[in-house]
J.: 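Below is a structure I'd like to ask you about.
Keep in mind that the numbers below use all heavy atoms, side chains included, and drop hydrogens, waters and symmetry copies. Just so it is clear, the structure is predicted and the values come from calculations on it, not from any experiment. In what follows, chains are A, B, ... by sequence order, proteins preceding strands, each numbered from 1.
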Number of protein chains: 2
Amino acid sequence: MNDLLAAQVIRELARDSGLSDADYTVLVVLSEAPGHRMRSIELTRRTMWSKSRLSHQLTRMEGRGLVRREEPADNARACDAVLTEDGLRRIETAAPAHVESVRRHFIDLLTDDELDMLGAVTERVVAHLTETGEHAAEP
Amino acid sequence: MNDLLAAQVIRELARDSGLSDADYTVLVVLSEAPGHRMRSIELTRRTMWSKSRLSHQLTRMEGRGLVRREEPADNARACDAVLTEDGLRRIETAAPAHVESVRRHFIDLLTDDELDMLGAVTERVVAHLTETGEHAAEP
DNA sequence: CTCCTCGTGTTGATGCGTCAACTCGAACGC
DNA sequence: GCGTTCGAGTTGACGCATCAACACGAGGAG
């Protein structure tokens, strides 16, 4: 189910807006951040991605003009990711259709009880993964 | 949860047995097939993969000596995938640890009720995906 | 028989994710 | 001040997945 569902939703996102799911994730997080900007390290925390993955992703998105990298004045070794005008427009256009896609293929098919239970299960599994010495991101 | 859980289980599989999840899938299906052999087209059906993806996967696995390709005598345009001795040994060694990994990180954390519910949800969502003209594999 | 279409399978280009190795500035001990 | 360690970020190589284009045999229509 996971594979099929994710594949379908991702395919619709790509078809409708030309964004990958990774693009979408970064754009959403940045669009909600003050100043549409965020430290790289904070982005890896929010997305649960590795530094490497984020770096590659930002490189690709920078090439497509969705984000910009800036070195913050107060810390030379850090790196901010900043949403561009274009990136903001893209996420604002894409979001409604994507939300609707997830609803249509998943949320609307479940009862409230099922959603509640799924939330509980998710919380438990994630807690177990993170506490059992699981650092997916960095060794 | 999906992403984290899958990442963890896949990482353990790779660490313990040197197999990717795609490798594992193919090996399991083939090991259960009569004669440890199966038509490519049947493999795509079982795995819900595209022809292309399967072909690339078989090429890689063939390079590593896990499977062999054979042209069946009765049909020149078809193609059988056959498990090698090595492939069989690999899957037999890898399977127990993988099953245990899934149990430990997921199954054992859920109650029977939750598992039942998840089964029902999965069935419903997959049915919706497949009936709504969704052919993930081929356009 | 000839041509056409269709089903089966392969290939190449491209994007994505991971791993290991690396750079480099900052903070700390002395 | 000076070296050492540490944390943040980048890079390159590789495996994997997708898409579009192609190859080619089988089966049917005429």
J.: Rounded to whole angstroms, how far apart are CD on B:E42 and P on C:dT8?
T.: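 Distance check: B:E42 CD to C:dT8 P gives 11 Å.
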
J.: Extract from the structure each pairing of a protein N or O with an N or O of nucleotides 5-8 of chain D at less than 3.5 Å, listing the distance.
T.:
none

J.: Does this structure show an ion pair linking B:R89 with B:E85, if we count only N-O contacts that are shorter than 4.0 Å?
T.: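 The answer is no: the pair does not qualify as a salt bridge.
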
J.: Tabulated below should be each protein N or O lying under 3.5 Å from an N or O of nucleotides 12-14 of chain D; please produce it.
T.:
unit_1, atom_1, unit_2, atom_2, d
D:dG12, O6, A:H56, NE2, 2.7

J.: Closer than 4.0 angstrom, basic N to acidic O: yes or no for A:E62 and A:R69?
T.: yes

J.: What is the distance from CG of A:D23 to C1' of C:dG17, rounded to the nearest Å?
T.: 14 Å

J.: Atom CG of B:D80 to atom C1' of C:dG9: distance rounded to whole Å?
T.: 13 Å

J.: Between atom CG in A:L54 and atom P in D:dG9, what is the gap in whole Å?
T.: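 The distance from CG of A:L54 to P of D:dG9 comes to 8 Å, rounded to the nearest Å.
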
J.: With a non-hydrogen cut-off below 4.0 angstrom, is B:R15 in contact with a base, only sugar-phosphate, or nothing?
T.: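 Counting heavy atoms under 4.0 Å across all strands, no contact is made by B:R15.
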
J.: Taking everything shown except B:R64 itself, do over 12 heavy atoms lie less than 6.0 Å from its CZ?
T.: yes

J.: Taking B:S55 for the side chain and B:K51 for the main chain, is one N or O donor matched with an acceptor at less than 3.5 Å?
T.: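 No, the answer is negative, given that no donor and acceptor are paired below the 3.5 Å cut-off.
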
J.: Should the heavy atoms of other residues, nucleotides or ligands under 6.0 Å from CG of A:D116 be counted, would the total exceed 12?
T.: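 More than 12 within 6.0 Å, yes.
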
J.: Would you name the heavy atoms of A:R124 and B:T111 that are closest together and state the gap between them?
T.: NH1-N, 4.5 Å

J.: side-chain hydrogen bond (donor to acceptor under 3.5 Å, both in side chains) with A:T84: which residues, sequence neighbours excluded?
T.: none

J.: For C:dG9, take OP1 and OP2 only and decide whether either is under 4.0 Å from a side-chain N or O of B:S55.
T.: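 No, outside the criterion.
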
J.: Looking for any heavy atom pair under 4.0 Å, which part of the strands does A:T59 touch: base, sugar-phosphate only, or nothing?
T.: nothing

J.: Just how far, in rounded Å, is P of C:dT18 from CG of B:L13?
T.: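 One finds 15 Å between P of C:dT18 and CG of B:L13, rounded.
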
J.: Grab the CD1-C1' distance between B:I10 and C:dC19 for me, whole Å please.
T.: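 After rounding, the gap between these two atoms is 15 Å.
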
J.: What's the CH2-C1' distance between B:W49 and D:dA17, to the nearest Å?
T.: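 Taking CH2 of B:W49 and C1' of D:dA17, I get 10 Å after rounding.
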
J.: How about A:E12 and A:H105: does a side-chain donor come under 3.5 Å of a side-chain acceptor?
T.: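 Present: a donor and an acceptor within the cut-off.
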
J.: Does the side chain of A:R60 get closer than 4.0 angstrom to OP1 or OP2 of C:dC16 through an N or O atom?
T.: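 For C:dC16, OP1/OP2 do have a side-chain N/O of A:R60 under 4.0 Å.
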
J.: How long is the line joining CG of B:L58 and P of D:dG15, in whole Å?
T.: 16 Å

J.: Quick one: is D:dA17 close enough that its OP1 or OP2 comes under 4.0 Å of any side-chain N or O from B:Q57?
T.: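 Yes, B:Q57 has a side-chain N/O under 4.0 Å of OP1/OP2 on D:dA17.
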
J.: Could you tell me whether the side chain of B:D23 reaches within less than 4.5 Å of the side chain of B:R60, counting heavy atoms only?
T.: no

